[in-house]
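Heads up: the structure comes next, in structure tokens.
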Amino acid sequence: MADLRQEIARRRTFAIISHPDAGKTTLTEKLLLYGGAIQLAGAVKGKASARHAVSDWMELEKQRGISITSSVMQFEYDGFCINILDTPGHQDFSEDTYRTLMAADSAVMVIDAAKGIEPQTRKLFKVCAMRHIPIFTFINKLDRDARSPYDLIEQLETEFGIGTYPMNWPIGSGQDFKGVYDRESGRVLAFTEHHRGANRIEATACGLDDIPALDALIGPRLREELQNDVELLDGAGYDFDEEQVRSGALSPVFFGSALTNFGVEPFLKSFLALTTPPLPRAAAEGVVDPFEDSFSAFVFKIQANMNKSHRDRIAFMRVASGRFERDREYYHVQGGRSLRLAQPQQMMAQSRQIIDEAYAGDIIGIFDPGVFAIGDTVCEKSRRVTYEGIPTFAPEIFAAVERVDTMKRKQFEKGMLEIAQEGAIQIFHAPGSGLEEVIVGVVGILQLEVLEYRLRTEYGVDVRRRTLPYQFVRWIENDPNELDLSRLNLGSDSRWVQDFRGNNLLVFGGQWSIRWAEEKNPGLVLREFRRN
Ligand code: G4P
């Protein structure tokens with residue numbers, strides 16, 4: 001059996017985050033390509049499934065496995081064992097997108113060089129920043145007309161309040177994009193051809209002071225520009241501080257073009273050298289070291305399979321410590337019982353396979369007969385740990401949902417509750433009232449469509465949905481005995497509601513009404529995420 005420490009030390013588990021169309025799929029594909037995990041670019045499933053219309057998506061989901069395969073990709077490169085976590089964008093953006101980030105040890109943020117930071121980049125960044133994980137920035141599409149690299153860097157710093165450290169610097173952009181200057185080695189990497197294909201590309205390296213060679217490679221104008229830029233960058237006195245990278249306070253920035261492969265392999269090498277092996281995790285019993293002998297894992301995502309027997313689900317677990325072995329008995333902390341995990345699966349680039357073992361850093365998919373909930377811990381009975389739950393993220397889209405057939409109250413309530421417990425939606429209701437009319441909160445519109453579909457097919461209930469004008473939710477941290485919530489002074493577009501666990505929340509129509517609530521109700525404490 002492989003050496004535990006060695007296996008864990010070579011694992012790198014990260015998420016790639018971006019706004020749709022910035023190039024996440026293309027970059028992922030190229031990384032897999034360099035890792036030899038796929039032969040042809042265009043093979044990453046996520047792209048195809050993400051672009052399907054809703055109805056197709058449901059069909060795909062029913063066939064099991066399509067979205068599962070695109071959730072995690074594992075491949076080898078340079079002695080590292082790499083797990084890339086997919087964070088769905090496009091129409092299937094959902095709370096799962098956020099939860100997936102809980103399983104990553106670092107994040108690669110892909111930014112379109114012509115557009116800079118976009119709304120979905122902001123949302124995903126916020127979740128990474130909350131965890132203080134290292135965030136690496138890949139500024140993509142330099143082969144097209146791009147904004148000035150200085151502007152892009154400044155935007156990252158001012159909008160995200162982080163430091164940045166350009167690891168390389170682009171030489172030209174658009175048709176003129178010749179390559180990058182690698183600051184660590186002090187060498188220019190010039191790419192000779194614009195190559196859109198699936199092959200690796202070679203770069204010609206050249207020192208900055210070899211002027212004749214540089215002029216031949218990139219031309220005197222770009223060479224001069226580069227010399228000025230390098231002087232400016234080096235003079236700016238930014239320090240590269242590895243500690244700050246580890247805590248997410250400083251983001252190493254890379255420029256490149258995923259489509260033409262420019263700068264992809266240098267990025268991968270540098271990223272792997274800097275990013276972290278599996279990180280320790282906080283548990284109720286204290287921080288757990290991933291290198292411990294004892295196996296432990298937590299559930300971060302549950303995939304229902306959309307068929308009538310909705311108990312047929314896959315629970316995704318991030319192995320947090322030790323080694324997982326198939327056919328051994330483990331302990332499900334929240335369920336309070338031992339179990340053998342059936343059909344443990346791991347996702348390779350394009351297929352699933354049953355695995356015999358997995359290590360801290362890996363993601364495994366377990367057949368779930370309906371016992372797991374998001375945030376649950378599985379560990380060894382002799383070494384019990386309970387990981388901190390996965391936070392509940394603030395929904396941004398709200399709808400009132402009621403049943404069409406008033407006779408079906410029981411099925412409606414059962415369906416709503418079960419689907420909410422699974423973590424597929426969040427549900428709220430007026431304080432003290434039942435589930436006559438339910439307010440559903442989600443982060444992606446597809447979640448609402450999936451809800452309707454599942455209520456109809458699994459519970460036999462047709463529903464009516466009405467969009468509500470709320471956009472924000474905040475959890476009330478105050479003890480309800482100390483603050484009379486029925487007397488809160490709220491704006492006209494705000495409302496007090498409760499979730500199915502009885503927690504108190506406020507929903508708001510706009511950002512300003514959150515400020516209003518805070519100003520008009522001294523002592524009121526509101527939170528954007530809720531730790532479960
Ligand atoms: P996403 O996963 O972040 O949504 O982005 P994706 O990789 O699907 O890329 C979105 C579009 O941007 C694609 O074009 C892709 O080819 C293009 N793209 C990605 N990286 C680069 C790059 O470095 N340079 C240039 N010029 N384009 C890039 P599309 O036309 O939407 O799709 P396709 O027809 O190319 O498949």
Side-chain angles (χ1 to χ4, degrees), residues 13 15 71 85 87 94-105 107 123-124 126-133 278-290 294-304 313-321 330-337 339 341 360-361 363-366 368 370-380 383-395 417-428 441-443 447 473-477 479 498-505 525-532:
T13 304
S71 298
L85 298 166
T87 53
S94 72
E95 283 169 271
D96 278 345
T97 312
Y98 291 140
R99 291 181 190 130
T100 297
L101 294 175
M102 299 295 121
D105 294 310
K123 291 185 195 173
L124 294 163
K126 228 158 127 179
V127 176
C128 295
M130 174 188 92
R131 292 195 50 220
H132 304 291
I133 56 173
L279 293 170
R281 292 240 158 205
E285 297 75 10
V287 172
V288 178
D289 179 1
S294 315
F295 161 79
S296 66
F298 61 90
V299 177
F300 65 93
K301 167 173 168 162
I302 288 176
Q303 179 92 36
R313 313 189 300 189
I314 302 272
F316 285 81
M317 287 181 204
R318 151 83 200 227
V319 182
S321 71
Y330 292 113
Y331 187 70
H332 174 214
V333 175
Q334 284 73 9
R337 56 191 196 97
L339 39 84
L341 302 180
I363 311 296
I364 50 179
I366 298 294
D368 171 21
V371 300
F372 295 117
I374 285 165
D376 282 4
T377 304
V378 176
C379 58
E380 293 187 14
R383 163 79 169 108
R384 275 189 217 177
V385 294
T386 314
Y387 286 109
E388 279 181 355
I390 305 278
T392 301
F393 296 96
L417 267 174
E418 284 185 356
I419 295 172
Q421 275 159 358
E422 247 175 49
I425 51 163
Q426 292 183 46
I427 57 174
F428 311 104
V442 292
V443 302
Q447 287 175 272
V473 61
R474 292 289 181 272
W475 280 267
I476 300 174
E477 293 284 301
D479 182 341
Q498 286 178 332
D499 65 16
F500 70 90
R501 295 190 185 90
N503 297 305
N504 291 298
L505 305 96
V525 184
L526 302 176
R527 287 262 184 282
E528 195 174 343
F529 305 102
R530 208 188 77 81
R531 288 250 158 232
N532 286 323

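Taking 4.5 Å as the limit, some side-chain heavy atom of Met102 sits within range of a side-chain heavy atom of Pro391. With a 4.5 Å cut-off on side-chain heavy atoms, Glu528 and Arg474 count as touching. Between Val443 and Thr97 the shortest side-chain heavy-atom distance does not fall below 4.5 Å.
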Original post:
Can Val378 and Phe295 be said to form a side-chain contact (heavy atoms from CB on, under 4.5 Å), step by step?
Top reply: CA-CA 8 Å; Val378 176; Phe295 161 79; 3.9 Å; yes
Subject >> Working for side-chain contact (heavy atoms from CB on, under 4.5 Å), residues Phe298 and Met317 >> reply: CA-CA 5 Å; Phe298 61 90; Met317 287 181 204; over 6 Å; no
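Looking at Asp376, Ile374, Asp96 one by one, the single match for side chain to side chain contact (heavy atoms under 4.5 Å, CB included) with Ile302 turns out to be Ile374.
The number of heavy atoms from other shown groups lying within 6.0 Å of NZ (Lys123) is above 12.
Using modelled atom types, no side-chain atom of Thr13 and backbone atom of Asp105 make a donor-acceptor pair closer than 3.5 Å.
In this view, Tyr387 and Ser296 satisfy the side-chain hydrogen bond (donor to acceptor under 3.5 Å, both in side chains) rule, not counting sequence neighbours.
Closest approach of Arg318 to Ala103, counting heavy atoms only: NH1-O, 2.8 Å. The two atoms that bring Ala315 and Phe372 nearest to each other are CB-CD1, 3.9 Å, heavy atoms only.
The aromatic rings of Phe393 and Phe529 sit perpendicular to each other, their planes meeting at more than 60°, with 30° as the lower class boundary.
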